[in-house]
Amino acid sequence: MWMTNVVALCLLALMSSAEDKKLSSHATTLADKSANLAFSLYNKMAKEKGTENILISPVVVASSLGMVALGGKSSTASQVKKVLSADNLKDEHLHAGLSELLSDVSDAKTRNTTWKINNCLYGPSSVSFADDFVKNSKKHYNYDHSKINIRDKRSAVNSINEWAAKSTDGKLAEVTKDVPNPDGAMIVNAMYFKPHWFETFNGDMVDKRAFLVTRSLTIGVPMMHRTGLYDFHEDKENRVFVLNMPLGQKQASLILIMPYYLEPLERL
């Protein structure tokens, strides 16, 4: 299979069937709203970052907003729900629903994936977190809380990266190079996602094939291959093929968007 420039978008989507554990109506609503928000965010970031790699987890973005709502006033909670297009949800349903989503996507046994989602709220050493906020943020969003001297940027960056490395078993040695706002609190997410194929590849089915880096540069790359039945779509209007490859217990998918011809990624 000859490969050209490929855009890979891994959508960590929540799906349920009659045999699976049912999500509450609030969690189901927030799953849909979170995915829509993530796509909107991706479109905006793609325009700014060009062909840089972008990874967005809808549930992590939404739960971070939920944390902001939890620690803010009623007006802040209203703004968060507006961003999530969940204006009709009560505050308690917002937090309970997002908490349910976090628990569901990180259930390694059900999903046959390794997905570690770690969160920490860093605040200036001069600030004290309210006890109720600490309790509820741990309950709903599994947040750690830490006070550091954010004005000492080198020390703050080292502390944050050490926490990220420890919370992901060394998989993420660095999550930031800078502390942008020394006067406020900062939410940091460290996520390690290792999925398993629903239908595994045969390790013996590997050979070296050509990979086109540019029109004038071709390199040999070891490629695995298999034959199977997958969801496939041809978008003639945009001149791309779309392939859906299930992961884990079909609770998530790797979606590949492949152009007809070799062309710049910017168009995709």
Side-chain angles (χ1 to χ4, degrees), residues 12 14 16 21-38 41 56-111 115-150 156 159-160 162-164 166-168 172 175-176 179-181 183-193:
L12 309 180
L14 296 169
S16 62
K21 176 184 176 182
K22 291 289 187 179
L23 294 172
S24 68
S25 59
H26 307 307
T28 301
T29 296
L30 287 166
D32 293 338
K33 302 299 184 183
S34 299
N36 292 336
L37 174 61
L41 183 59
I56 298 175
S57 169
V59 69
V60 171
V61 172
S63 61
S64 296
L65 288 172
M67 264 289 294
V68 173
L70 185 65
K73 302 295 184 181
S74 58
S75 58
T76 302
S78 297
Q79 291 172 346
V80 167
K81 287 188 285 189
K82 184 175 182 180
V83 171
L84 286 170
S85 299
D87 306 69
N88 296 328
L89 279 183
K90 295 181 178 180
D91 290 355
E92 57 267 30
H93 293 159
L94 172 70
H95 302 305
L98 290 174
S99 177
E100 187 178 349
L101 287 183
L102 280 171
S103 297
D104 186 74
V105 299
S106 56
D107 186 342
K109 183 177 180 180
T110 300
R111 294 180 173 276
W115 196 359
K116 296 183 178 180
I117 302 174
N118 301 279
N119 312 286
C120 188
L121 176 64
Y122 287 92
S125 53
S126 59
V127 173
S128 296
F129 299 117
D131 292 340
D132 283 347
F133 170 71
V134 172
K135 178 181 178 181
N136 288 323
S137 59
K138 188 70 176 177
K139 172 186 175 182
H140 293 300
Y141 302 110
N142 196 30
Y143 260 73
D144 295 326
H145 303 80
S146 180
K147 292 189 289 185
I148 56 176
N149 183 5
I150 300 180
S159 296
I160 293 170
E162 287 174 4
W163 166 82
K166 182 179 180 180
S167 62
T168 59
L172 289 177
V175 293
T176 185
V179 180
N181 183 11
D183 296 318
M186 181 168 56
I187 289 176
V188 179
N189 309 115
M191 182 179 71
Y192 172 64
F193 178 66

* Asked: Are the side chain of Lys147 and the backbone N or O of Ser128 linked by a donor-acceptor pair below 3.5 Å?
  -> no
* **Side-chain heavy-atom pair Tyr141, Leu70 within 4.5 angstrom cut-off** => yes
* Locate the shortest heavy-atom distance separating Thr76 from Ala69; write the atom from each residue and the value. => CG2-CA, 4.5 Å
* So, Ser85 side chain and Lys81 main chain: donor-acceptor pair closer than 3.5 Å or not? -> no
* Hey, does Met186 have a side-chain heavy atom less than 4.5 Å from the side chain of Ile160? -> yes
* Asked: With side chains defined as the heavy atoms from C-beta onward, is the minimum distance between Trp115 and Ser57 less than 4.5 Å?
  -> yes
* Taking all heavy atoms of Leu172 and all of Met191, pick out the closest pair and write down the distance. => CD1-O, 3.4 Å
* Heavy-atom side-chain contact between Phe133 and Leu121 under 4.5 Å -> yes
* To do: Any chance you could lay out the side chain to side chain contact (heavy atoms under 4.5 Å, CB included) test for Ile56 and Val61, step after step, and finish with the verdict?
  => CA-CA 8 Å; Ile56 298 175; Val61 172; 3.9 Å; yes
* Gap between atom NE2 of His26 and atom CD of Glu92 - 0.5 Å precision -> 8.5 Å
* Side-chain donor or acceptor of Ser34 paired with backbone N/O of Leu30 under 3.5 Å -> yes
* To do: Take Asp104 and Val59 through the side chain to side chain contact (heavy atoms under 4.5 Å, CB included) test and state the conclusion after the steps.
  => CA-CA 10 Å; Asp104 186 74; Val59 69; over 6 Å; no
* To do: Measure the spacing between CG of Asn88 and CG of Leu94 and express it to the nearest 0.5 Å.
  => 12.5 Å
* Asked: Is atom NZ of Lys139 surrounded by more than 12 heavy atoms (other residues, nucleotides or ligands) closer than 6.0 Å?
  -> no
* With a 4.5 Å limit on heavy-atom distance, are the side chains of Asn119 and Ile187 in contact? -> no
* Asked: If only atom types and distance count, is the side chain of Glu100 paired as donor or acceptor with the main-chain N or O of Ser24 below 3.5 Å?
  -> yes
* Structure fact -> On a heavy-atom basis, the closest approach of Ser64 and Tyr143 is OG-OH, 3.7 Å
* Asked: Is it true that the side chains of His145 and Tyr122 contain a donor and an acceptor less than 3.5 Å apart?
  -> no
* Considering all heavy atoms of both residues, which atom of Ala156 and which atom of Val179 are nearest to each other, and what is their separation? -> CB-CG2, 3.8 Å
* **Side-chain heavy atoms of Leu84 within contact of Val80, under 4.5 Å** => yes
* Structure fact -> Taken to the nearest 0.5 Å, the spacing of Gln79 CD from Asp87 CG works out to 11.5 Å
* Structure fact -> Shortest non-hydrogen pair, Ala190 vs Ser167, comes out as CB-OG, 4.1 Å
* Determine, stepwise, if the pair Asn118 / Asn142 fulfils side chain to side chain contact (heavy atoms under 4.5 Å, CB included). => CA-CA 8 Å; Asn118 301 279; Asn142 196 30; 5.6 Å; no
* Closest non-hydrogen atom pair between Ser137 and Met67, with its separation -> CB-SD, 3.3 Å
* Asked: Any side-chain heavy-atom pair from Leu65 and Val83 closer than 4.5 angstrom?
  -> yes
